[in-house]
Each structure stands twice: as C-alpha cells, then as structure tokens.
*Asks:* 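Dropping the structure in here first, questions after.
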Amino acid sequence: RAKAAGRNRFVLFDDAMQHTAMGVLDLEQALRDALLNDEFMPYFQPLVRLTDGAIVGYEALLRWNHPQHGVLLPGDFLKVAEESGLIEAIDWRMFRLAMECSRDLIRDNVYVTLNVSPRLFQMEGFDRRLLELAADSGFDPAHLRLEVTEGTLLVDPEAMVAVLQRLREASIEAVLDDFGTGYSSLGHVHRFPLKMIKIDRSFVSPFTAGVSPRSSAVIEAILALGRSLAIEIVAEGIETEYQREVLMAMGCEYGQGYLFAQPQPAAHWLAGG
Ligand code: C2E
Ligand code: MG
Ligand code: MG
Ligand code: MG
C-alpha cells in the first residue's frame, strides 16, 4: 500500500485504529465532514491489452483528498464507511465525479469501471438511479462497467441476476472483481451475465522467475471458463514484465497494474498520460 501512494504517505487511520471505538467515531465524523467539504475524488487506473499495452478502459478508484493528511486510500476508511452506512452517499458522490471527470476519456470502445459497494448494489432502484446519474452527468452508459464482487452477487443470486440483466439492457456491463478471493466459486459464474472477470492480485503476485506457483492452476481454470463463456479476463496487480509475459503466454488478454500505470487523476490521462 505504501507503494501505491508514494514513500512518505501518512496513514491517518490504520486497520487497528479502525477497530477502536474512538478511531471509529472520529473517522465517521471526519467522513461526514469530507462529504460536506467535497474531499472525495476519483483517480483512474488503465486496463490494458497485454500484447501491446493499448488502454482498453479505466478503473475509477476512490481517493480522499484530506486537507491536512493528503490523499488517503480506501484501505484507510472504507471499512468504517461501509459499517456506518456512509458508503452509500460516498459512492454516489464518487460515481458522479467519476463520470463527469472521465467523459472526455472515453472514445471508441474505451470504458470506465466503477466499484460498487455491496449494500448499494443490492438496494432497490440502484440501476434506475445509476442511469439517471449517467444522463445527468452526460456520460454514455454504453461506456460504463460496474465492478462487483462474488460476495455481492451470492447474497441473493436470483435478485442480482435480474439487476445485472436490467443493467445490460441499458448497455451497462458487469465486471466480477477480485475473483478467487471470496467464495472461489467457479461453478457459480455461468449464472450471472458478466462481461469481464478480474483475477485477484493474490494469484498474480506469486509469479517470479524460476517459480511455478500453485496459483497458475487457478488462473488456467479461470481462463478456460472465460473462453467457454465468452467472458473477458483481466489479471490484476501486474507489477513485473515477467508476470505480463507469463499471463500473456497463458492466454490472458487484459491486465492492470503498476507495471503499466499507477492510478492518477483524470487530468493526467486527458493530458496524454
Ligand atoms: P480493487 O477494486 O480490487 O482495486 C484494485 C486496487 O489495487 C486499487 O487499490 C489499486 O490502486 C491497487 N493496484 C492496482 N495495481 C496494483 C499493483 O500492481 N500492485 C498492487 N499492490 N496494487 C495495485 P485502491 O485504490 O487502494 O482501492 C482498494 C479497494 O477499494 C478497491 O479494490 C475497491 O475494492 C475499493 N474501492 C475503490 N474505489 C471504490 C469506490 O469508489 N467505491 C467503493 N465502494 N469501493 C471502492
Ligand atoms: Mg475494482
Ligand atoms: Mg479488484
Ligand atoms: Mg482487489
């Protein structure tokens, strides 16, 4: 995580602090203030085609631009945001900003993905409200993809299939994020209308020269599933050229990670990266 934000980043609330009563109450209040003061903002990290590095999309990642402590990562505050219910308001704010900021990034088939918290995705009327927001923000929903996790989908699979189908009819595609970490249920995937699956970073990072990690069997299985269901596969957290080459050789088409680019404000990408 330190690597993600540079060397001297200040950690305001570490995991331990998020568990102490004072830490939680202070952080909740600070999150409310941050909403009022408009301190949340999106960064964007490219998704690339592994063969030539071409940018195929951007993932919008939540950042908290804290007036004293600088840019804070979701790991510093997401848990408290979720447990307090504030994540709902934060996500809507984030989605609006992400669509407004990235309107001019989308061209051809380039898309932008949004990470949706489980409780928001499961909420009645979520898909309708998202479409209204896209219209308000002047963002073509055909260029929007939603990242959800297995945990989000498996709470009430039938209801979630219906939501995904309605979204697809409105031309918003779904991405299964962090695949392999949760219920690791290859067998569930065919039930959901998915455009893309992201292989979790924990399966990619064990790959170093001279090592053949056990995670390669999982990756092979996910790639085979992707081929048979016509679902695009992205490998997360690619940090080395070696990892890019191994994944490409295995037949993985897309990737994301520090090897290609760090998350950056939209202006960075609008200026040509
Ligand atoms: P995620 O959706 O799996 O996003 C990928 C995370 O991995 C991001 O961390 C990204 O900066 C980081 N990453 C990208 N490439 C590499 C790499 O090569 N190596 C390593 N070590 N890390 C890499 P980030 O931005 O701190 O976000 C953490 C998590 O917070 C996200 O995981 C997602 O679950 C959640 N999140 C982010 N934005 C939002 C949002 O707007 N709403 C909600 N509800 N959750 C969000
Ligand atoms: Mg994601
Ligand atoms: Mg992910
Ligand atoms: Mg992840």
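Order of appearance sets the numbers: ligands from 1, and atoms from 1 within every ligand.
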*Asks:* Could you please spell out the steps behind the side-chain contact (heavy atoms from CB on, under 4.5 Å) verdict for Trp269 and Ser102?
*Replies:* CA-CA 9 Å; Trp269 303 113; Ser102 65; over 6 Å; no
*Asks:* Examine all N, O or S atoms of Asp178, backbone included, and report whether one is under 2.8 Å from the Mg ion (ligand 3).
*Replies:* yes
*Asks:* Out of all atoms in ligand 1, which are within 4.0 Å of some heavy atom of Arg201? Include the element for each.
*Replies:* 7 (O), 12 (C), 19 (N), 20 (C), 21 (N), 22 (N), 23 (C)
*Asks:* Can you see whether Glu147 engages Thr113 through a side-chain donor-acceptor pair at a distance of less than 3.5 angstrom?
*Replies:* yes
*Asks:* With a 4.0 Å heavy-atom cut-off (strictly under), which part of Arg63 contacts ligand 1: side chain, backbone, both or neither?
*Replies:* side chain
*Asks:* Pair Leu130, Leu167 - check side-chain contact (heavy atoms from CB on, under 4.5 Å), show working.
*Replies:* CA-CA 9 Å; Leu130 183 70; Leu167 285 165; 4.3 Å; yes
*Asks:* N/O of Tyr258 under 3.5 Å from N/O of ligand 1, yes or no?
*Replies:* yes
*Asks:* Between Leu114 and ligand 1, find which residue part has any heavy-atom pair under 4.0 Å and reply side chain, backbone, both or neither.
*Replies:* neither
*Asks:* Looking at Glu253 and Arg49, is there a salt bridge between them, counting it only when a charged N and a carboxylate O are closer than 4.0 Å?
*Replies:* no
*Asks:* For Leu78, take its heavy atoms, then give the atoms of ligand 1 lying under 4.0 Å from any of them.
*Replies:* 30 (O), 35 (C), 45 (N)
*Asks:* Which of the numbered atoms in ligand 1 are under 4.0 angstrom from any heavy atom belonging to Ser117?
*Replies:* 44 (N)
*Asks:* Is there an N/O/S atom in Glu236 that lies less than 2.8 Å from the Mg ion (ligand 2)?
*Replies:* no
*Asks:* Under a 4.0 angstrom heavy-atom cut-off, which atoms of ligand 1 come close to Gln45?
*Replies:* 14 (C), 15 (N)
*Asks:* For the residue pair Phe207 and Thr240, establish whether any side-chain heavy-atom pair is separated by less than 4.5 Å.
*Replies:* no
*Asks:* With a heavy-atom distance limit of 4.0 Å, tell me whether Asp178 approaches ligand 1 through its side chain, its backbone, both, or neither.
*Replies:* side chain
*Asks:* Could you tell me whether Lys198 and Glu59 have a side-chain N and a carboxylate O separated by less than 4.0 Å?
*Replies:* yes
*Asks:* Is Gln262 touching ligand 1 with its side chain, its backbone, both, or neither, if touching means heavy atoms under 4.0 Å apart?
*Replies:* neither
*Asks:* May I ask you to check whether Trp92 and Phe126 place their ring centers less than 6.0 Å from one another?
*Replies:* yes
*Asks:* Asp177: which N/O/S atom is nearest the Mg ion (ligand 3)?
*Replies:* OD1
*Asks:* Should the pair Trp64 and Phe40 be assigned to parallel (<30°), tilted (30 to 60°) or perpendicular (>60°) ring geometry?
*Replies:* tilted
*Asks:* Which of the numbered atoms in ligand 1 are below 4.0 angstrom from a heavy atom of Pro263?
*Replies:* 11 (O)
*Asks:* Tell me, with the steps shown, if Val234 and Ile197 meet side-chain contact (heavy atoms from CB on, under 4.5 Å).
*Replies:* CA-CA 6 Å; Val234 191; Ile197 291 175; over 6 Å; no
*Asks:* Backbone, side chain, both or neither: what part of Glu59 comes under 4.0 angstrom of ligand 1, heavy atoms only?
*Replies:* side chain
*Asks:* Identify which of Leu61, Leu62, Asp91, Thr240 has a heavy atom lying nearest to atom 43 (C) of ligand 1.
*Replies:* Asp91
*Asks:* What I want to find out is whether Arg244 reaches Glu241 closely enough, with some N-O distance under 4.0 Å, to be called a salt bridge.
*Replies:* yes
*Asks:* Going by the atom numbers of ligand 1, which of them fall below 4.0 Å from some non-hydrogen atom of Glu236?
*Replies:* 3 (O)
*Asks:* Suppose you place the vertex at the Mg ion (ligand 2); what is the angle out to Asn115 OD1 and Glu59 OE2, to 10°?
*Replies:* 90°
*Asks:* Please determine whether a side-chain nitrogen of the Lys or Arg among Asp38 and Arg93 lies less than 4.0 Å from a carboxylate oxygen of the Asp or Glu.
*Replies:* yes
*Asks:* Looking only at N, O or S atoms, find the one in Glu147 nearest to the Mg ion (ligand 2) and name it.
*Replies:* OE1
*Asks:* Among Val189, Leu176, Val161, which one satisfies side chain to side chain contact (heavy atoms under 4.5 Å, CB included) with Leu153?
*Replies:* Leu176
*Asks:* Need the ligand 1 atom indices (1-based, order shown) with element for anything under 4.0 Å from a heavy-atom of Glu239.
*Replies:* 17 (C), 18 (O), 19 (N), 20 (C), 21 (N)
